[in-house]
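The structure appears right after this line, and notes come after that.
Position 1 is the first residue of the sequence, and the numbers go up from there.
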Amino acid sequence: MQETIASEQAKLKKGESKSRLSIFIDLLPGIVFSCINDGKWSMKYLSKGVFALTGYRAEELTNKGEMEYNDIIYAKDLSNVLEKIETAIAAQEPYEVEYRIRTKSGEKKWFWETGRGIFSPSGELIDVEGFITDITKSKEAEQALRESEERYRLLAENATDLISRHRRDGVFTYVSPACKTLLGYEPSELIGRSPYELFHPQDLEVIQQYNSTLEDLTTNQTITYRIQHKNGKYIWLETSIKRINDRFTKAGSVDRQKGQVCEIVAVSRDISDRKQAEDLLASQKQVLETIASDASLEDTLNILVKSIEANSDGLLGSILVVDAQGKHLQILAAPSLPQSYIQALSQIEISPHAGSCGTAAYYQKPVIVTDIASDPLWENYRSLALSHGLRACWSTPISSSQGKIFGTFAIYYRQPRTPTPSDWQLLEDTTNLTRIAIERKQAETALKEAEAKYRSIFENITQGIFQTLPDGRYLSANPALANIYGYDSPAELIQILTNIGGQLYVDPHRRTYFAKLMEKYGRVSAFESEVYRKDGSTIWISENARAVKNKNGEIIYYEGTVEDITARRLAEEKLIHEATHDSLTGLHNRDWFMKRLKYAIELAHLNRNYLYALLFIDLDRFKVVNDSLGHPVGDELLKSFAAWLQTSLPITKKVARLGGDEFAILLEGIEDFSQAIQIAQLIEERLKQPFQLHNYEVFTGASIGISFSSFNYQQPEDLLRDADVAMYQAKLRQLPYEVFNPAMQIGVMARMQLENDLRRALEREEFFLDYQPIIELATRQIIGFEALVRWNHPIRGLIFPSEFIPVTEEMGLIDSLGWWVLQEACQQLGEWQQSGEADNLVMSVNLSGVQFKQINFCETLAQICRHTKIKPHCLKLEITESCFLETVANSDSAVKQLKAKGIKLCIDDFGTGYSSLSRLHEFPIDTLKIDRSFLSRLGTADSGTEIVRTIVMLAHNLGMDVVAEGVETKLQLEKLQELGCESAQGYFFSKPVDSKVAGELIRIMQKTPAKIFDLAER
């Protein structure tokens, strides 16, 4: 019985132990498991921790449930898990594995699992037991750490500043790639080296002192020092340093602030330019202080040159001044140049090709010679400079504030050198300081002379001196005062002026005000008044006086001085006039006019019935007058037109010159807007008549834009802008005037867009050439092509020259476009010629007047011919008849050079311009091209046929051939043959085609010469 009781008690204790173990397992922050070897290692037991980690109950994931634990493991990870278990069981070793699972709610987690097999004494596997825990947070932390390290690496590798890590003794352990840019070293060349090898000797003490205090620093520190570049030069670095301490553990806590410095992280930046600027600024301050002192000009300038030499490596400076005759330069300050060199250059002529300094003074602009050994400016001084080891010289003129040349500042180097932006800044700063020094010394000299002069004047009592009683009578006066007031003597003045307030001052209350100031302050300064002279005329005076009182404080008389300031007052009035008026025409200027516009706008806001109008006037062809007749005639035209506007318009108006050839008229308080139209019409009528200027009859026109107050303007700039827009529309449409309407803004914006697109079109290679065949009518063969430019706009598509060529001319882009066309056309002709397809074909290229006017036109054209390897006699340049007299007729030498090279000349659009037939025979023109406008009238009853006949006969009599352009019908062709025209082009034969089609036409012509002509006839 007792044995039975003991057995039952043992079973009870064993059950209680298992219960306590189960409770302990369920409280673990993870999953205790066991699995069976069924090929998938399915779970047969999972502790209750599985719910907290996965959201599933244990029975849902064991082999008794509807799904298994393996089902929640990522498929990509499951094979690795099973392989790990298999391998460990086979070796009878524990295993560890990490994998991802998907919780019941869909969340992804990372699990870490460890387990081992349970084997029987005979080595047979019973099952596998283990533990699973959630490592998601540690995984995320690892990922964040990797990303942080990658960002740090990218930052360090791509930073422009140098990032480095050092041991406690300074040795480099890491160097970012920026060291190549800053110091010239590859990172591998510095790692393991001590920076102390590279520090400037003068900075070592500062760095060592800083290093000794490194343990005591609590914040990041910044130091500046010099370090040696790989090229041997020293640069300035500014370095921010952070110390990294090892772990200091006390009472179980870690405190890195109290640990020992184990590593140093440094971020370094090149501040050489800043240090140089600071040093230069300090030097400039010293120079300015010297300028303000009594030092001589020579001493001051020597100090200036020495200061810039001290702050610039290898620089030798010099300052030269113009001699009394203004024809030579003399060296005044050159502390570091050899004396023998200075003596040899005691007198440098101010002329072109006189070295850097003489040339800079002559042209009054900087002259940069990067290598004296080869520059032609130094031809007369080259051997002298080279013998003294001088190879580069940059010089800038020193001019006064009024533009008078004082001399030059020059920088020499002993090796060829081109100025950097900082060099240019140094040149500018030093030139300005030199100008200040020279002007200051000149001002001092002038001041001393003036003081001597005015001391003599003062001693001869030129100012009026007086004593007057409070009742308005004079006690005394000096001769100067009598002279100021127009009296013969002081006695006469005292006798006549017995009531100063009523007799002297124009304002009878002025004397009373004078007395009140005296009573209150006891003195007056610069008391300005208008007074009568003896003859009744008035002048302006300035009085400085004090009250003389008795011992009781009562005023007994006044005494002081009088100065005639009439001239100054007139000058002030003149200055006011000049500030508000245009100096050339005498009209109001832009500033004044804008204020008046603002006033008119404000009046219109206050009174709805108040009307105003603005006329914006731009003279047409004013530039032609300036360029052809000279600026004096242009100025006279502006003055004459301004005078007419001021005196001849029958309405109250405000007229102003806005600048250049632009004028504006403000009509205020008008009754009707039609009055503005009438004014515009009057201007139009006046400009139909010539101006008689300097024995010339000068015709001009005007484009007028009109804007009205009806648009409720808020700012004068908006009003002026709209009038300007209307004027621009008038100019485009060739109308005398236009009234603004909001739709005009659209046209202006479109024009601006076109201009912007044109500026980029060449860069983007949007232009291309088409070629139109030119047919010899007698042989029915292609004898040449005319190159025609086209614009393939990226948005609008094909744009023809009639739209964009006038805009390029106005924008000044025609020159660049013209040279591009010439280059492309010659390139194509060269390719045809070199292939043997077009030995004698002539390429006709249109030429702008701007190109022909260029000094180096012939040279540039010759270079193109050589580069493209074309035969010069196969190139024909076409220039319009309207440009003929203005360009070719005035460029006889250029024409001769072209003809000497065999290049042909053609007058384009003949018959539409204003060429001088009397001079046509003087020039070696090869071809006249008949304008298409005459061909449209061939065979009609009007005079079209006779005009063409006359042109053909004129050309033949002058030894020229004729090309007709724009042939579109067989009738036109037959008439041209009948009249003896040699060649023609037009859609009747072929439209302009690309180079590929043109090449095909050439090959067709070679095989069957008449085929193209026959096709055209059919």
Item to check | Side chain Lys108, main chain Arg100, donor-acceptor under 3.5 Å | outcome: no

Checklist entry - If you measure from the Lys or Arg side-chain nitrogens to the Asp or Glu carboxylate oxygens, is any gap between Asp718 and Arg721 under 4.0 Å? => result yes

Checklist entry - Ignoring hydrogens and geometry, is there a side-chain-to-backbone donor-acceptor pair from Thr136 to Trp110 under 3.5 Å? => result yes

Checklist entry - Any donor-acceptor pair under 3.5 Å linking the side chain of Ser47 with the backbone of Val32? => result yes

Next on the checklist: Would the distance check show the side chain of Ser138 and the main-chain N or O of Ile135 forming a donor-acceptor pair, the cut-off being under 3.5 Å?
Outcome noted: yes

Checklist entry - Tyr713 and Asp722: side-chain donor and acceptor closer than 3.5 Å? => result yes

Item to check | salt bridge (Lys or Arg N to Asp or Glu O under 4.0 Å) between Glu68 and Lys40, worked out | outcome: CA-CA 10 Å; Glu68 297 185 4; Lys40 298 184 294 181; 3.2 Å; yes

Item to check | Parallel, tilted or perpendicular: rings of Phe199 and Tyr225 (30°, 60°) | outcome: perpendicular

Next on the checklist: Within the 4.5 Å heavy-atom criterion, are Leu162 and Val267 side-chain neighbours or not?
Outcome noted: no

Checklist entry - Side chains of Ile227 and Leu182: closer than 4.5 Å at any heavy-atom pair? => result no

Next on the checklist: Would you say that Thr173 contacts Arg167 through its side chain, given a criterion of any heavy-atom pair below 4.5 Å between the two side chains?
Outcome noted: yes

Checklist entry - Is a side-chain donor or acceptor of Thr808 paired with a backbone partner of Ile805 at a separation under 3.5 angstrom? => result yes

Checklist entry - Salt bridge or not for Arg165 and Glu263, using N-O below 4.0 Å? => result yes

Item to check | Aromatic ring proximity, centroids under 6.0 angstrom, Tyr234 and His229 | outcome: no

Checklist entry - Under the side-chain contact (heavy atoms from CB on, under 4.5 Å) criterion, do Ser995 and Leu769 qualify, and how do the steps go? => result CA-CA 8 Å; Ser995 58; Leu769 295 185; over 6 Å; no

Next on the checklist: Measuring only between side-chain heavy atoms, which start at C-beta, is Phe767 closer than 4.5 Å to Leu758?
Outcome noted: yes

Next on the checklist: Within a 6.0 Å radius of atom NZ on Lys84, are there more than 12 heavy atoms belonging to other residues, nucleotides or ligands?
Outcome noted: no

Checklist entry - Hey, are Glu197 and Arg193 close enough for a salt bridge, meaning a charged N less than 4.0 Å from a carboxylate O? => result yes

Checklist entry - With side chains defined as the heavy atoms from C-beta onward, is the minimum distance between Ile101 and Tyr74 less than 4.5 Å? => result no

Next on the checklist: Would the distance check show the side chain of Glu60 and the main-chain N or O of Arg57 forming a donor-acceptor pair, the cut-off being under 3.5 Å?
Outcome noted: yes

Item to check | Glu238/Arg274 ion pair, N-O < 4.0 Å | outcome: yes

Checklist entry - Can we say Glu98 and Lys139 salt-bridge, meaning some charged N sits less than 4.0 Å from an Asp/Glu carboxylate O? => result yes

Item to check | Flag side-chain contact, heavy atom, 4.5 Å: Arg790 against Leu798 | outcome: yes

Checklist entry - Salt bridge check: are Glu803 and Arg796 linked by an N-O gap of less than 4.0 Å? => result yes

Checklist entry - Does the side chain of Glu86 come under 3.5 Å of the side chain of Trp41 through a donor N or O and an acceptor N or O? => result yes

Next on the checklist: Whether the side chain of Ser34 engages the backbone of Glu129 through a donor-acceptor N/O pair (distance < 3.5 Å, no angle test) should be reported.
Outcome noted: no

Item to check | Charged N-O contact under 4.0 Å between Glu186 and Lys180 | outcome: yes

Checklist outcome for this item: Heavy-atom nearest pair, Ser707 first then Leu719, reads OG-CD1, 3.2 Å

Checklist entry - Could Lys230 and Glu189 be called an ion pair, given the rule that one side-chain N must be under 4.0 Å from one carboxylate O? => result yes

Checklist entry - What orientation do Tyr99 and Tyr69 show, parallel under 30°, tilted 30 to 60°, or perpendicular over 60°? => result perpendicular

Checklist entry - So which heavy atom on Gly123 is nearest to which on Gln92, and how close? => result O-NE2, 4.1 Å

Next on the checklist: With heavy-atom distances below 4.5 Å as the criterion, would you say the side chains of Met67 and Ile72 are in contact?
Outcome noted: yes

Item to check | Residues, nucleotides or ligands: over 12 heavy atoms within 6.0 Å of Lys104 NZ | outcome: yes

Item to check | Over all atoms of both residues, closest heavy-atom pair of Ser816 and Leu762 | outcome: CB-CD1, 3.8 Å

Next on the checklist: Counting neighbours of CZ on Arg269 that are heavy atoms of other residues, nucleotides or ligands and sit closer than 6.0 Å, is the number greater than 12?
Outcome noted: no

Next on the checklist: Would you say that Phe111 contacts Leu53 through its side chain, given a criterion of any heavy-atom pair below 4.5 Å between the two side chains?
Outcome noted: yes

Checklist entry - Any luck finding a side-chain donor-acceptor pair between Tyr95 and Arg116 under 3.5 Å? => result no

